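I have placed the structure first, in the form of C-alpha cells, so that the comments after it can refer back to it.
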Number of protein chains: 2
Amino acid sequence: MLTLYSWNVNGLRAAAKKGFLDWLHTAQPDILGLQETKCSPDQLDKALRQPEGYHTYWGVSERPGYSGAALYTRQKPNHVQIGLGIPEYDREGRTIVAEYDKFVLIVAYFPNGGRDLSRVPFKMAYCADFFDYCNQLRQQGKHVIFCGDVNTAHQAIDLARPKQNQKHTGFLPEERAWIDQVIAAGYVDTFRALPPEQTDAYSWWTYISNARSRNVGGRLH
Amino acid sequence: MLTLYSWNVNGLRAAAKKGFLDWLHTAQPDILGLQETKCSPDQLDKALRQPEGYHTYWGVSERPGYSGAALYTRQKPNHVQIGLGIPEYDREGRTIVAEYDKFVLIVAYFPNGGRDLSRVPFKMAYCADFFDYCNQLRQQGKHVIFCGDVNTAHQAIDLARPKQNQKHTGFLPEERAWIDQVIAAGYVDTFRALPPEQTDAYSWWTYISNARSRNVGGRLH
DNA sequence: CCTTAGAAG
DNA sequence: CTTCGAAGG
C-alpha cells in the first residue's frame, strides 16, 4: 500500500504556520504533491525544505510568491524532471515529473483562467500539452499517475452553484471537455471512489463570504 | 488648562485595532494631532471618523495608504484649512491649520528624507515653506502652536546613536539647522520641559531589531 | 520589523 | 477572504 496526497496549500509558508509539518508527521504520506507553494526552497527552514524521511523536489516560478509546486516522497524516485520541458509553463514552476519503478507520478498546478478569462487560452494550452506529455509516457509503456490542482470542475454535481459558474473559468465548456477527454483516455478520477451521486462533496471553497462554513464549494479535481 | 497630544500612529486603522479609541476616551485630549494616518476618513467607521465629543479634520494623500494627518478637537475651531496652500505638499495630506480664538494650531507631518536621501530636498523645501507660513501668521499677530512629526532629531542627546546617524536623514546638518532656526525664532520645544540634560528619553524607535525594547531610539520632535 | 495597497487566486 | 511581494517608513 502506498498513500498519496495532493494539496493546494495556498502558500507553503502560510501553511507551515498553521501546522503543515504536524500534519505531515501525522499523515506520513508516501508521496505528497503540493500546489501553490508560492516559494522557493531557499526561503524555507530545513525542517520544511527537507523533512526527516523525505526527498523533496521543487517547481519554482520566476515570479516570487506566485504559483509553484513541490513533491515530498519517502522513496527516492529513479529520476525527477522539473517542468514539462516547455518554458512558458516551466517559468511558472507548475510541473514535477517523477519516475518510480512502476509508474510515473506528475504533480501539476494547472493555470487559473483568470477572473477576466484572459488566461483561459494559456490554461487550455497547458491542458493540451500536459495531456500529450502523459500520452507519450504511456506510449513508452509507462503507467501515469497525476495529481494536482486542475482548476476545473467536471460536472454540475461538482459545484454547489453550477448555473452561476457557466461563464466563469473553472466550469467553461472547453475546460470541462478536457476532463471528458482525459477520462475517455482511461484515466481514473480517484475522487470518484465516492458514490457517483454523492453531492455536496467539495475540495475547494472561495474565501469570500464564509463559503466554506456554508459548504458552497467545488470539486476542482 | 488644555491638553494637546501629537502622535505618529503609523496607520490609523492599525492603531484602531490596538486600542486607539480606548486610549482616546481615557486620555480625552482637547486637541489631538495625528500623523501617518495612511487613510482617508471614508475608509473609517463612524466611531473612528467622528468620535462622540470631537470634531475631526483630515489631510489625505492622493496616494492611498500613504502619509496623511488628522486633527481631533473638542472645541470646533473658528476656521480650518487643509494644507499649506502649496500643491506639492498638500497632495500628500501633510498639513492641517486650525484657527482658535487665542492661537493657530498646525498639525504637520514633515516629509521623510528617504533611505537614499532622495527626498531630503523636498523635506527641506517643506521645512522652509512651513516656517514661512508660521511667520506670516505671527506677523498677523497670531500665536502659533505646531505639533507633528518633524522627522528630525535636534541634538546628539536626542539620539541613542548620534555618530552612526550623521549621514542619515533625520540628523543631517541642514535638517538640524532648521530646528536651530525655529528655536531662535522663539518657538519652545515642549519636550524640553524635561531636564535639559535628560538622556535616553526618546519618542521614536525603528521597528528593526527590537530597538524599542533596548531603547535605542531618537527624539524626532 | 510594521503598515498599506495591489495582484492573483 | 487570503497569500505574497513591494514601497515606504
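Reminder, nothing fancy here: chain letters follow the sequence lines and each chain counts from 1. Quick caveat: nothing in here was measured; it's all calculated off a predicted structure. Every heavy atom of this structure was used, including side-chain atoms; hydrogens, water molecules and symmetry mates were not.
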Please confirm whether A:Phe130 and A:Phe110 have ring centers closer than 6.0 angstrom. yes

Touch class at under 4.0 angstrom, heavy-atom based, for A:Gln35 against every strand present: nothing

B:Phe122 atom CZ is separated from D:dG8 atom P, nearest whole Å, by 13 Å

In whole Å, what is the span from the CD atom of B:Glu36 to the C1' atom of C:dC2? 10 Å

Length of the line joining A:Asn151:CG and C:dG9:P, which is rounded to integer Å: 8 Å

Under 4.0 Å between a side-chain N or O of B:Arg63 and OP1 or OP2 of C:dG6? no

Would you tell me if any nitrogen or oxygen in the side chain of A:Tyr66 comes within less than 4.0 Å of OP1 or OP2 on C:dG9? yes

Considering only side-chain heavy atoms of B:Ala14, which listed nucleotide, C:dT4, D:dG8, D:dG5, is closest? C:dT4

Whole-Å gap separating P (C:dT4) and OH (B:Tyr109): 13 Å

If you check the A:Pro64 side chain, which of D:dG5, D:dT3, C:dA8 turns out closest? D:dG5

Whole angstrom value for the distance that separates C1' of D:dG8 from CD of B:Glu92: 11 Å

May I ask which nucleotide in the shown strands pairs with D:dA7, Watson-Crick or G-U wobble, both distances under 3.5 Å? C:dT3

Is there a side-chain contact between B:Lys17 and the phosphate of C:dT4, meaning an N or O under 4.0 Å from OP1 or OP2? no

Checking the side chain of A:Asp30 only, and the main-chain atoms of A:Leu4 only, is there a donor and an acceptor separated by less than 3.5 Å? no

Among the candidates C:dG9, D:dG9, D:dT3, find the nucleotide nearest to the side-chain atoms of B:Asn112. D:dG9

CG of B:Asp158 to CG of B:Asn165, rounded to nearest 0.5 Å, is 11.5 Å

Identify which nucleotide among C:dA8, C:dT3, D:dT3 has an atom closest to any side-chain atom of B:Lys38, counting heavy atoms from C-beta outward. C:dT3

Separation of D:dT3 atom C1' from A:Lys18 atom NZ, nearest Å, is 8 Å

Of the candidates C:dT3, D:dG5, C:dG9, the side chain of A:Arg13 sits closest to D:dG5

Checking all strands, does B:Gln43 fall into the base, sugar-phosphate, or nothing category for heavy-atom contacts under 4.0 angstrom? sugar-phosphate

Is the closest side-chain heavy-atom distance between A:Val80 and A:His55 below 4.5 Å? no

Between A:Gln81 and A:Thr95, do the side chains contain an N or O donor and an N or O acceptor separated by less than 3.5 Å? no

